[in-house]
Amino acid sequence: GMAASPFAILQGMSGTGKTSLPRIFADATFGEVNIVPVESSWRDRNELLGYYNDFSKKYTAKEFTCDLYKANTPNYRRVPYFIVLDEMNLSRVEYYFADFLSSMESNESISLWKGNTAIDGIPQSIKLPDNLLLLLKYTFYQPFLMVHINHRKEVRCCDLTFLLSYEGICGMPVNTP
């Protein structure tokens, strides 16, 4: 699982413990965890990474980007840093996640804006930290691959990740209606 890839999809029905699992892992490893809710209105990378405002000449970082920076700091570099994209299926993955997938494949930094100078102390790009463990939480009523098999870019997500599909924590069955 996480030893093979720092990127996993947790899929299961509502109430099966998908959010609890990363919290338990973080507690057990003295790591950090942050749950970033994905919104259905996410249409591009700016929703995940933030954006540069040409008018104010400032970069507005989003929670995910702040977590990447935090995981790269000396205080956190030696501990597992879990970021959970909660309800990742509310918006199409290729809309907001393409730059992250490219960075994972190429092992290159993610560019935050055009240009090559820092703004307000924020560098123009960010490298994915070695201690990052990214989990995409997917609540389903049908299995992930069955629902999204027609969306090739979302299936691309699966070839880079470990897919964990379960009924609940400790294998406890879930009562379904």
Side-chain angles (χ1 to χ4, degrees), residues 1-12 17-39 42 44-52 59-113 116 118-139 144 148 153-166 169:
M2 296 305 284
S5 173
F7 179 37
I9 295 175
L10 301 176
Q11 76 171 4
K18 296 179 300 296
T19 304
S20 299
L21 189 62
R23 288 185 175 135
I24 292 167
F25 267 84
D27 286 346
T29 60
F30 302 103
E32 290 289 317
V33 65
N34 190 29
I35 313 295
V36 178
V38 173
E39 297 178 19
W42 284 14
D44 59 34
R45 63 175 290 203
N46 296 342
E47 307 297 343
L48 187 66
L49 298 172
Y51 59 91
Y52 175 73
Y59 181 77
T60 302
K62 296 291 186 162
E63 185 177 8
F64 182 82
T65 308
C66 293
D67 282 330
L68 291 179
Y69 279 112
K70 187 175 175 183
N72 268 315
T73 62
N75 289 343
Y76 293 96
R77 268 192 208 125
R78 297 193 186 277
V79 298
Y81 200 104
F82 296 86
I83 301 175
V84 179
L85 291 182
D86 191 21
E87 306 300 345
M88 57 82 70
N89 55 310
L90 290 181
S91 185
R92 300 235 341 235
V93 174
E94 70 269 21
Y95 289 167
Y96 62 90
F97 208 59
D99 288 348
F100 190 88
L101 289 173
S102 294
S103 178
M104 282 185 63
E105 285 181 321
S106 67
N107 202 25
E108 293 180 6
S109 297
I110 299 173
S111 176
L112 299 176
W113 64 81
N116 56 6
I119 298 171
D120 295 331
I122 300 172
Q124 183 274 338
S125 64
I126 186 166
K127 183 140 179 68
L128 298 180
D130 293 332
N131 59 332
L132 177 68
L133 299 159
L134 181 68
L135 304 167
L136 303 180
K137 191 181 117 187
Y138 180 90
T139 302
F144 177 81
H148 293 286
K153 291 179 182 171
E154 288 189 19
V155 172
R156 175 180 173 226
C157 196
C158 290
D159 69 357
L160 298 172
T161 186
F162 174 73
L163 181 62
L164 178 62
S165 181
Y166 63 103
I169 292 183

Engineer: To the closest 0.5 Å, what do you measure between NZ (K137) and CD1 (I9)?
Structural biologist: 14.0 Å

Engineer: CH2/W42 to CG/L48 distance, rounded to the nearest 0.5 angstrom?
Structural biologist: 5.0 Å

Engineer: So, for S111 and S125, which heavy atoms are closest and what is the spacing to 0.1 Å?
Structural biologist: CA-CB, 3.9 Å

Engineer: Taking the side chain as every heavy atom from C-beta outward, state whether F100 and L128 have any atom pair closer than 4.5 Å.
Structural biologist: yes

Engineer: With a 4.5 Å limit on heavy-atom distance, are the side chains of S91 and Y96 in contact?
Structural biologist: yes

Engineer: To the nearest 0.5 Å, what is the distance between OG1 (T29) and CD1 (I24)?
Structural biologist: 11.5 Å

Engineer: Can you name the closest pair of heavy atoms from P123 and L112 and give their distance?
Structural biologist: O-CD1, 3.8 Å

Engineer: Determine whether V84 and K18 make a side-chain contact, defined as any pair of heavy atoms from C-beta on separated by less than 4.5 Å.
Structural biologist: no

Engineer: Under 6.0 Å from the CG atom of D130, do we count more than 12 heavy atoms belonging to anything else shown?
Structural biologist: no

Engineer: Could you tell me which non-hydrogen atom of D44 sits nearest to which non-hydrogen atom of N46, and how far apart they are?
Structural biologist: OD1-N, 3.0 Å

Engineer: Quick one, P37 and E63 - any side-chain contact, counting heavy atoms below 4.5 Å?
Structural biologist: yes

Engineer: May I ask you to decide if the ring planes of F97 and F7 are parallel, tilted or perpendicular, using 30° and 60° as cut-offs?
Structural biologist: tilted

Engineer: Are side-chain heavy atoms of L85 and F64 found at a separation under 4.5 Å?
Structural biologist: yes

Engineer: Drop me the distance from L10's CG to L135's CG, to the nearest 0.5 angstrom.
Structural biologist: 5.0 Å

Engineer: Determine yes or no for a side-chain-to-main-chain donor-acceptor pair under 3.5 angstrom, with S102 supplying the side chain and A98 the backbone.
Structural biologist: yes

Engineer: Check whether any side-chain heavy atom of R45 sits under 4.5 Å from a side-chain heavy atom of I110, and report yes or no.
Structural biologist: yes

Engineer: Give me the atom names and distance for the closest heavy-atom approach of V79 to N131.
Structural biologist: O-ND2, 2.9 Å

Engineer: Could you check if a side-chain atom of L49 sits within less than 4.5 angstrom of a side-chain atom of Y59, using non-hydrogen atoms only?
Structural biologist: yes

Engineer: In Å and rounded to the nearest 0.5 Å, what is the CZ to CG distance from F82 to D27?
Structural biologist: 10.0 Å

Engineer: Could you check if a side-chain atom of C66 sits within less than 4.5 angstrom of a side-chain atom of N34, using non-hydrogen atoms only?
Structural biologist: no

Engineer: Might you point out which heavy atoms bring N107 and K127 nearest each other, and give the distance in Å?
Structural biologist: O-NZ, 3.0 Å

Engineer: Please report the closest heavy-atom contact between M88 and L136, naming both atoms and the distance.
Structural biologist: CG-CB, 3.6 Å

Engineer: What's the separation between atom CG in L132 and atom CD1 in I83, rounded to the nearest 0.5 Å?
Structural biologist: 5.0 Å

